[in-house]
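First comes the structure, then the notes that go with it.
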Amino acid sequence: MADPSQPEEPEEPENAPIPGFPGFLFGGAGGDFDPSKIDFSQIDLGQVMRLLQSTGPVNWEIARQTAEWVALEGRTEPAVSARDREQFEELAHAAQTLVVGETGLTATFATALSTVGPKGWVELHLVALRPVLEAMATTLGNAMQQGDDDEDDDEVGGSGFPGLPGMAGMPGLAGMGNMMGLLAPALLGVQAGSMIGYLAQHALGRYDLPLPTGPAPAGDSPGGDSPTLCFVVPNVDAFEEAWSLPRDDLRFYVALHETVHAATRSVAWVRGRLVRLAVDYVSSYEIDPSAFEAEFGMIDPQDPEAMQRMTENPERVLGAMQSPRQAVPREELQRLTAVVEGYADHVLTQIGRRLVPTFDRIHEAMQRHRVERGEAERFIEGLLGLKLERAHYEQGQAFVDGVVERGGIEGLNRLWESESMLPTPNELAAPGLWLARIELPNEE
């Protein structure tokens with residue numbers, strides 16, 4: 001027990017997730033930012049400069065620290081108990097046997113398994129999402145640089161951000177345009193980290209969302225190239241409590257759900273196509289200043305109300321960045337995802353209804369969890385080109401049901417033979433056309 005007569009040790013500010021960075025950079029308590037009140041003796045400038053150093057478009061150290069802070073909301077992550085780890089391992093091994101028997105995708109047996117908290121999910125996805133997030137950061141960084149290049153010579157300090165006045169017109173900021181090269185990777189690191197951290201707050205496993213996870217860059221930890229099973233135990237327990245679900249049934253359901261999705265990701269062309277299409281999509285963003293001004297008017301960073309207009313509806317910000325070049329990769333991403341999700345739901349239902357007593361109850365809760373996502377999750381889906389409406393899920397399910405009705409699960413499993421087996425838009429709407437193309441009997 002602490003001695004009340006002794007002064008307490010100063011605590012790290014609750015709103016300062018990155019060591020060396022003052023709390024005002026992250027909002028929270030303390031009121032508005034007033035530069036005149038900064039005590040620079042409290043800032044580790046050496047740490048700040050080290051963190052700002054980056055060899056790529058995203059500062060991944062800042063992304064990591066931001067993501068961990070957002071995922072845990074400043075709390076310490078409790079350890080996963082040995083008992084929970086053992087149960088999930090047993091359930092996953094049983095699920096692997098069942099899923100391989102249904103799908104024929106034997107690579108499922110080699111899938112690595114981990115039981116983690118939100119921080120562990122963050123660590124895995126900082127690597128697995130890097131190819132897509134770096135492509136997006138490069139696109140946005142190039143757009144910012146282009147904004148600077150397009151400024152008139154008498155406005156060298158242009159901000160590069162659509163809708164924002166140039167730095168030359170802001171007292172005390174003229175000549176700071178060169179700082180963008182140093183700051184942009186840090187800012188994009190905060191953006192990437194915030195996104196991954198928020199997803200980690202709610203993820204039950206790796207495959208709640210059809211995220212375009214790709215191969216790990218050289219020198220990074222493994223896990224991006226091959227599918228893995230990852231159970232976020234605290235989040236599974238929170239979902240159980242929120243929906244009043246029986247623990248053993250829910251955990252077996254989650255094990256089946258993760259395993260069947262890992263099975264589809266064990267197909268090399270599925271992984272490759274998902275990442276390639278997502279990279280194409282995020283690389284096609286265009287920052288058009290006139291589009292931003294049409295949506296929001298001139299944005300003055302010194303006007304809180306003007307900045308609030310942008311943050312209140314992120315979907316409008318996203319709309320002002322979209323370009324016609326994104327239509328093709330978005331349609332292909334939606335079609336691929338609809339088919340994969342339809343297939344996974346079919347296999348999950350075939351196995352789960354036999355073995356999970358409360359399957360229908362859990363399945364309904366999971367479907368509502370999937371469709372009725374929060375605004376931030378929907379924004380992230382849209383940002384990566386992965387946004388599916390209920391109609392997309394229903395179309396994927398109808399395609400799968402139609403193929404199984406005519407060609408059985410064996411016919412459906414031919415989906416994984418090669419990339420050419422992915423149904424066209426017309427075939428997705430009429431499964432008989434797909435069956436005819438791959439020369440399976442069609443009884444219609």
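Throughout, residue positions are numbered sequentially from 1 according to the sequence presented. If you're wondering where the values come from, they're calculated on a predicted model, not measured in any experiment.
- Between Gly205 and Val232 the shortest heavy-atom distance is N-CG2, 4.2 Å.
- Using a 3.5 Å distance cut-off with no hydrogens or angles, the side chains of Trp243 and Glu364 do not pair a donor with an acceptor.
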Would you please test Glu341 and His392 for side-chain contact (heavy atoms from CB on, under 4.5 Å) and show each step? CA-CA 10 Å; Glu341 291 297 315; His392 292 110; over 6 Å; no

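- Without hydrogens or angle criteria, Ser283 side chain to Asp280 main chain gives no donor-acceptor distance under 3.5 Å.
- Between Phe231 and Phe88, the two ring planes are parallel [angle under 30°; tilted spans 30° to 60°].
- Remark: the backbone N or O of Val356 is not paired with any side-chain donor or acceptor of Asp249 at under 3.5 angstrom.
- Closest approach of Thr259 and Thr108 over heavy atoms only: CG2-CG2, 3.7 Å.
- Judged by distance alone, the side chain of Arg330 and the main-chain N or O of Tyr281 form no donor-acceptor pair under 3.5 Å.
- Counting only N and O atoms by type, the side chains of Gln87 and Asp248 include a donor and acceptor under 3.5 Å apart.
- Here the side chain of Glu258 pairs a donor or acceptor atom with the backbone of Arg206 at under 3.5 angstrom.
- Leu435 has its side chain out of reach of Glu427: every pair of non-hydrogen atoms, C-beta onward, lies at least 4.5 Å apart.
- Across Glu286 and Arg325, no two heavy atoms sit closer than the pair OE2-NE, 3.3 Å.
- Here the CZ atom belonging to Arg414 is positioned 4.5 Å from the CD1 atom belonging to Ile438, to the nearest 0.5 angstrom.
- For the pair Leu386 and Leu211, the tightest heavy-atom approach, listed with the atom from each and the gap, is CD1-CA, 4.1 Å.
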List the steps and the verdict of side-chain contact (heavy atoms from CB on, under 4.5 Å) for Val122 and Leu126. CA-CA 6 Å; Val122 162; Leu126 282 171; 3.7 Å; yes

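- Distance check, rounded to the nearest 0.5 Å: CD of Gln96 to OG1 of Thr106 gives 11.5 Å.
- Within the 4.5 Å cutoff, side-chain heavy atoms of Arg265 are placed close to those of Leu274.
- To the nearest 0.5 Å, atom OG1 of residue Thr337 and atom CD of residue Glu332 are 11.0 Å apart.
- Remark: Gln397 CD to Asp401 CG distance equals 4.5 Å, nearest 0.5 Å.
- Here the side chain of Asn235 pairs a donor or acceptor atom with the backbone of Ala200 at under 3.5 angstrom.
- Considering only heavy atoms from C-beta on, Pro210 stays 4.5 Å or farther from Val340 through its side chain.
- Under the 3.5 Å distance criterion, the side-chain polar atoms of Gln334 are left unmatched by any main-chain donor or acceptor of Leu388.
- Arg276 has its side chain out of reach of Leu333: every pair of non-hydrogen atoms, C-beta onward, lies at least 4.5 Å apart.
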Step-by-step side-chain contact (heavy atoms from CB on, under 4.5 Å) determination, Met366 to Leu204: CA-CA 10 Å; Met366 291 290 287; Leu204 306 183; 3.8 Å; yes

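- The CD atom of Glu389 sits 9.0 Å away from the CD atom of Glu381 when rounded to the nearest 0.5 Å.
- Using cut-offs of 30° and 60° for the angle between ring planes, the His363 and Tyr253 rings count as tilted.
- For the pair Arg361/Pro246, a side-chain contact is recorded, criterion being any heavy-atom separation below 4.5 Å from C-beta on.
- Minimum heavy-atom separation, Gln326 to Ser284: CG-CB, 3.5 Å.
- The backbone N or O of Val116 lies less than 3.5 Å from no partner atom in the side chain of Ser114, so there is not a single donor-acceptor pair.
- Thr115 is not listed as a side-chain neighbour of Asp84, based on a closest heavy-atom distance of 4.5 Å or more.
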What verdict does the side-chain contact (heavy atoms from CB on, under 4.5 Å) test give for Phe399 and Val403, after you've listed the backbone C-alpha separation in whole Å, the side-chain angles of each residue and the deciding distance to 0.1 Å? CA-CA 6 Å; Phe399 170 80; Val403 171; 3.7 Å; yes

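- Within the 3.5 Å criterion, the main-chain N or O of Val347 finds no donor-acceptor partner in the side chain of Glu102.
- Of the charged side-chain nitrogens involved, none lies within less than 4.0 Å of a carboxylate oxygen, so that Glu86 and Arg83 do not count as a salt-bridged pair.
- For Asp237 and Arg251, the salt-bridge test passes: some basic side-chain N is under 4.0 Å from an acidic carboxylate O.
- Ionic pairing of Glu89 and Arg85 is not present here: no N-O contact between side-chain nitrogen and carboxylate oxygen is shorter than 4.0 angstrom.
- Expressed to the nearest 0.5 Å, how far OG1 of Thr66 lies from CE of Met195 amounts to 12.5 Å.
- Pro212 places a side-chain heavy atom less than 4.5 Å from the side chain of Leu129.
- Here the side chains of Trp434 and Arg406 are not in contact, with every heavy-atom distance at 4.5 Å or above.
- For the residue pair Val282 and Leu383, the shortest heavy atom distance occurs at CG1-O, 3.8 Å.
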